Amino acid sequence: MATKPSIPKGTRDFAPMEMARRNYIFDTIKSVFRLYGFQQIETPAMENLSTLMGKYGDEGDKLLFKILNSGDFLTHASQESLDNRDSIKLLHEVAEKGLRYDLTVPFARFVVMNKESLTFPFKRFQIQPVWRADKPQKGRYREFYQCDVDVVGSDSLLNEVELLQIVDDVYHKLGVNVVVKLNNRKILTGIAEVMGEADKIIDITVAIDKLDKIGIENVNAELAEKGISQEAIGKLQPIIAMKGTNQEKLETISKVLATSEIGLKGVEETSTILNYAEELGINTEVELDLTLARGLNYYTGAIFEVKAKDVEIGSITGGGRYDNLTGVFGVSGLSGVGISFGADRIYDVLNQLNLYPAEMLQGTQVVFTTFGDKEFKFALQCLKKVRQAGISAEIYPEPTKMKKQMSYANGKAVPFVAIVGETEVEAGKVMLKNMTSGEQKLVSIDELTTTLKK
RNA sequence: GUGAGGUUAGUUCAGUUGGUUAGAACGUCGGAUUGUGGUUCCGAAGGUCGUGGGUUCGACUCCCACACUUCACCCCA
C-alpha cells in the first residue's frame with residue numbers, strides 16, 4: 001500500500017520559482033565575492049565526528065547529526081553500553097561521521113590540511129548547506145545554506161573594511177536597505193574591566209546584547225542576577241545609553257576606557273576601520289553599537305551584524321575577527337576574519353519587499369505551437385536555429401489543440417508564442433504572438449531571433 | 001530541552017448539543033471554441049476528516065497517546 005510521501009522535519013523542497021529566486025541571491029553574492037578576489041571551495045557534507053565534536057559546546061554536540069557506521073555496526077558496540085543504554089558511549093562505538101554543522105570548522109580543518117599548498121593571506125568563500133538537529137521554527141531549519149567569506153592569515157584591518165565593502169555591494173545589488181552594526185570584542189572586554197567585573201564578561205555581554213529585545217530594566221535585572229555589583233551596573237548605564245555620531249561615541253568611550261589598555265586598542269581598531277570606510281566611500285550606514293555582542297566565544301576583534309531596515313527580521317549577515325582559528329587543530333598563529341550571509345533570511349526579506357527583477361524569472365522566451373506533422377517538422381528546424389542563436393526556446397512536444405498549447409505557454413509565463421500552421425510553413429515564416437499585448441505578426445526566423453534578442 | 005495553538009480536497013478554509021451521502025472558493029482536467037492563452041459560461045475528477053486506541057446505538061465533532069506543523073522561550077543562521 002502506497003503511503004503519502006513526506007520529507008524530514010525542518011527540510012524543504014525548492015520548486016522552480018524558489019530555485020530561480022535563490023539562485024539570483026547566490027549568484028549576486030558570488031559575483032561580489034569574486035570581485036574582491038575570493039576563491040570558492042567546497043568541503044564534504046560529512047566530516048569525521050572527531051573534527052566536529054567539542055567545537056560548538058555541549059549544546060552543539062547534541063545538535064550534530066551523526067551518521068551510523070556502514071555494515072553491521074552493532075557488532076562493534078560493547079555489551080556494556082548496550083546493557084546500560086548509554087547513548088553517548090554507544091554513539092562513539094557505532095558512529096564515526098557526522099553532517100557538517102557550520103562552514104567555519106570544516107574551513108579551519110581544510111586550512112590545516114592544506115596549509116603547505118595555500119597562498120596566504122587565503123581568501124575563500126563557501127556556499128553550502130549545513131545541518132542541525134534543532135527543533136524547527138520560524139526562520140530555523142534543520143538544513144539551511146550558509147554563504148561564508150573569510151580571510152585567514154592576515155591581521156590587517158583592511159580585511160575588515162573589505163568585508164564592509166562586500167556587504168555594501170551585495171545589498172546595493174539586491175536593493176535592500178541595511179544598516180551595519182559594528183563593535184569590537186576588545187571594547188567589550190575593556191568595559192568589563194572598567195566595571196571591575198572582568199571575569200564576568202560573558203554574562204555582561206550576553207545581557208546587554210538583549211537590550212533591544214527586553215529593555216534596560218530587564219538587562220539590569222539579569223546583570224544583578226548574575227552577581228554583578230550595583231556599582232558596576234551603575235557604571236554601565238552611561239555606556240549603554242550613549243548616543244550621538246560614531247565619532248562622538250568613540251571619543252566618549254575612549255575616555256571611559258582610559259585605564260583599560262585592551263579597551264583602548266579596541267577603540268583604535270574601530271576608529272581605523274571607520275576612517276577607512278569613510279575614505280573608500282561606503283554608502284551603507286555603519287553604526288557603532290556598543291551593545292552588539294554576538295557569538296562572543298569565537299570573536300576577538302571587530303564584530304559585525306547587518307540588519308534590514310524595512311523588514312522585521314533578525315540579523316541577515318554577521319561575523320567578525322577570530323584569532324587562532326586553527327588552534328583547535330594544532331596550528332596556531334593564523335588569524336581570520338569573516339562574515340556569513342544568511343541566504344534563507346535574505347530570501348525572506350526579498351520576498352516581503354518583492355525585490356526580484358522581472359528578467360530573473362524568465363526562462364523560456366518562446367514556445368512553438370503546431371497543428372500537424374508537417375508543421376511540427378518545420379517548427380523543429382526553426383527551434384534549432386532559435387536555440388543556436390542563444391534564445392531559450394521549446395516546442396510543445398506534440399501537435400495538439402491550440403488551446404492546450406497556448407495554455408502551456410501561458411502557464412509557464414512564456415512571453416512569446418510562435419504559431420506554425422499550414423500557411424506559415426508555405427511562407428517559410430511563423431506567426432509570432434506577444435503574450436502580454438496579444439499582438440501577432442508573420443515573421444521569418446531571422447526576424448524572430450532579432451526581436452527576441454532585444 | 002520547556003510552554004501554547006493547530007492538523008478536514010492539490011491550496012486556503014467552513015462544518016450546527018455527537019445523527020443519513022462532509023461543503024465552498026481558488027487550482028486541476030474536460031467542454032462551449034477543429035488557428036489563439038490570460039476574461040466568461042457549463043461540467044467533472046479529487047477526502048480512510050494526521051495516525052492509533054477509547055467512550056457511544058452512532059464520532060470530523062468528546063477523551064487518551066503518538067506523529068507532523070506553527071508560535072514563544074533556550075540557543076542559533
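Predicted model, so just to flag it, every value in this text is computed and none were measured. Proteins come first, then strands; the chains are lettered A, B, ... in the order of their sequence lines, and each starts at number 1. Worth knowing before you read on, the calculation uses all heavy atoms, side chains too, and leaves out hydrogens, waters and symmetry mates.
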### side chain to side chain donor-acceptor pair (under 3.5 Å) assessment of A:Asp150 paired with A:Gln126
CA-CA 9 Å; A:Asp150 294 79; A:Gln126 188 170 356; over 6 Å; no
### Query
Among B:rG35, B:rA77, B:rC68, which is the nearest nucleotide to the side chain of A:Lys9?
B:rC68
#### Entry: Pair partner, B:rG18 [Watson-Crick or wobble, under 3.5 Å]
none
## Note on the structure
Which of A:Lys62, A:Arg142, A:Arg140 passes side-chain hydrogen bond (donor to acceptor under 3.5 Å, both in side chains) with A:Asp134? It is A:Arg140
### Task
Test for a donor-acceptor pair under 3.5 Å between the base of B:rU36 and the side chain of A:Gln440, counting only N and O atoms.
yes
#### Entry: B:rG38 base / A:Asn410 side chain donor-acceptor hit below 3.5 Å
no
### Task
Can you check whether any acceptor in the base of B:rG35 is under 3.5 Å from a donor in the side chain of A:Glu424, or vice versa?
yes
### Message
Need one value for A:Phe341: base, sugar-phosphate or nothing, where a base atom within 4.0 Å counts as base even if backbone is also close, heavy atoms only.
### Response
nothing
### Query
For the pair made of CE in A:Met402 and C1' in B:rA32, what is the distance, rounded to whole Å?
18 Å
### Task
Specify the separation, in whole Å, of atom CG of A:Asp344 and atom C1' of B:rC76.
13 Å
### Query
Contact class for A:Gly10 (heavy atom, under 4.0 Å): base, sugar-phosphate, or nothing?
sugar-phosphate
### Task
Could you tell me which nucleotide pairs with B:rC60 by Watson-Crick or G-U wobble geometry, both distances under 3.5 Å, or answer none if nothing does?
none
### Query
For B:rG30, does OP1 or OP2 lie under 4.0 Å from any side-chain N or O of A:Lys404?
yes
### Message
Would you measure the distance from the P atom in B:rG31 across to the matching atom in B:rC68 and give it in whole Å?
### Response
44 Å
### Message
Using the side-chain heavy atoms of A:Met406, tell me which of these nucleotides is nearest: B:rG35, B:rC76, B:rG37.
### Response
B:rG37
### Distance-only donor-acceptor test (3.5 Å): side chain A:Thr423, base B:rG35
yes
### Message
Which residue is it: A:Arg100, A:Lys66, A:Arg109, A:Lys97? I am looking for the one with a salt bridge (charged side-chain N to carboxylate O under 4.0 Å, His left out) to A:Glu47.
### Response
A:Arg109
### Query
Picking from B:rG37, B:rC75, B:rC73, which would you name as closest to the side chain of A:Asp134?
B:rC75
#### Entry: Protein-nucleotide distance (A:Asp348, atom CG; B:rU70, atom P), rounded to Å
12 Å
### Task
With C1' as the reference atom in both, quote the distance from B:rC49 to B:rA59 in angstrom, rounded to an integer.
11 Å
### Task
Sort out the partner of B:rA67 for me: Watson-Crick or G-U wobble, both distances under 3.5 Å, none otherwise.
B:rU7
### Query
Rounded to whole angstroms, how far apart are NZ on A:Lys307 and C1' on B:rA77?
13 Å
### Task
Using a 4.0 Å heavy-atom cut-off across all strands, classify A:Gly411 as base, sugar-phosphate, or nothing.
nothing
### Query
So does A:Arg140 reach the base of B:rC71 with its side chain, donor to acceptor, closer than 3.5 Å?
no
### Message
When you measure from the centre of the six-membered ring of A:Phe65, is the NZ or CZ of A:Arg132 closer than 6.0 Å and no more than 45° off the axis?
### Response
no
### Query
Does A:Arg124 make a cation-pi contact with A:Phe107, if we ask for NZ or CZ under 6.0 Å from the ring centre and within 45° of the axis?
yes
### Task
Using a cut-off of strictly less than 4.0 Å, decide whether A:Lys403 has a side-chain nitrogen or oxygen near OP1 or OP2 of B:rU33.
no
#### Entry: From A:Thr317 atom OG1 to A:Glu305 atom CD, the distance as rounded to the nearest 0.5 Å
9.5 Å
### Selection from B:rA72, B:rA77, B:rU36 that lies nearest to any side-chain heavy atom of A:Gln146
B:rA77
### Query
Within the distance-only criterion (no hydrogens, no angle test), does the side chain of A:Ser335 pair as donor or acceptor with the backbone N or O of A:Asp155 below 3.5 angstrom?
no
### Message
Applying the Watson-Crick and G-U wobble criteria at under 3.5 Å, what pairs with B:rC75? Answer none if nothing qualifies.
### Response
none
### Message
Heavy-atom nearest nucleotide on RNA chain B for A:Ser407 versus A:Tyr101: which residue maps closer to 5'?
### Response
A:Ser407
### Message
On the nucleotide B:rC74, are OP1 or OP2 found under 4.0 Å from the side-chain N or O atoms that A:Lys135 carries?
### Response
no
### Summary
A:Gln137 atom CD is separated from B:rC68 atom P, nearest whole Å, by 16 Å
### Task
Give the rounded distance in Å between these two atoms: NZ of A:Lys210 and P of B:rA72.
16 Å
### Query
What does A:Lys401 touch in the nucleic acid at a heavy-atom separation under 4.0 angstrom: a base, only the sugar-phosphate, or nothing?
sugar-phosphate
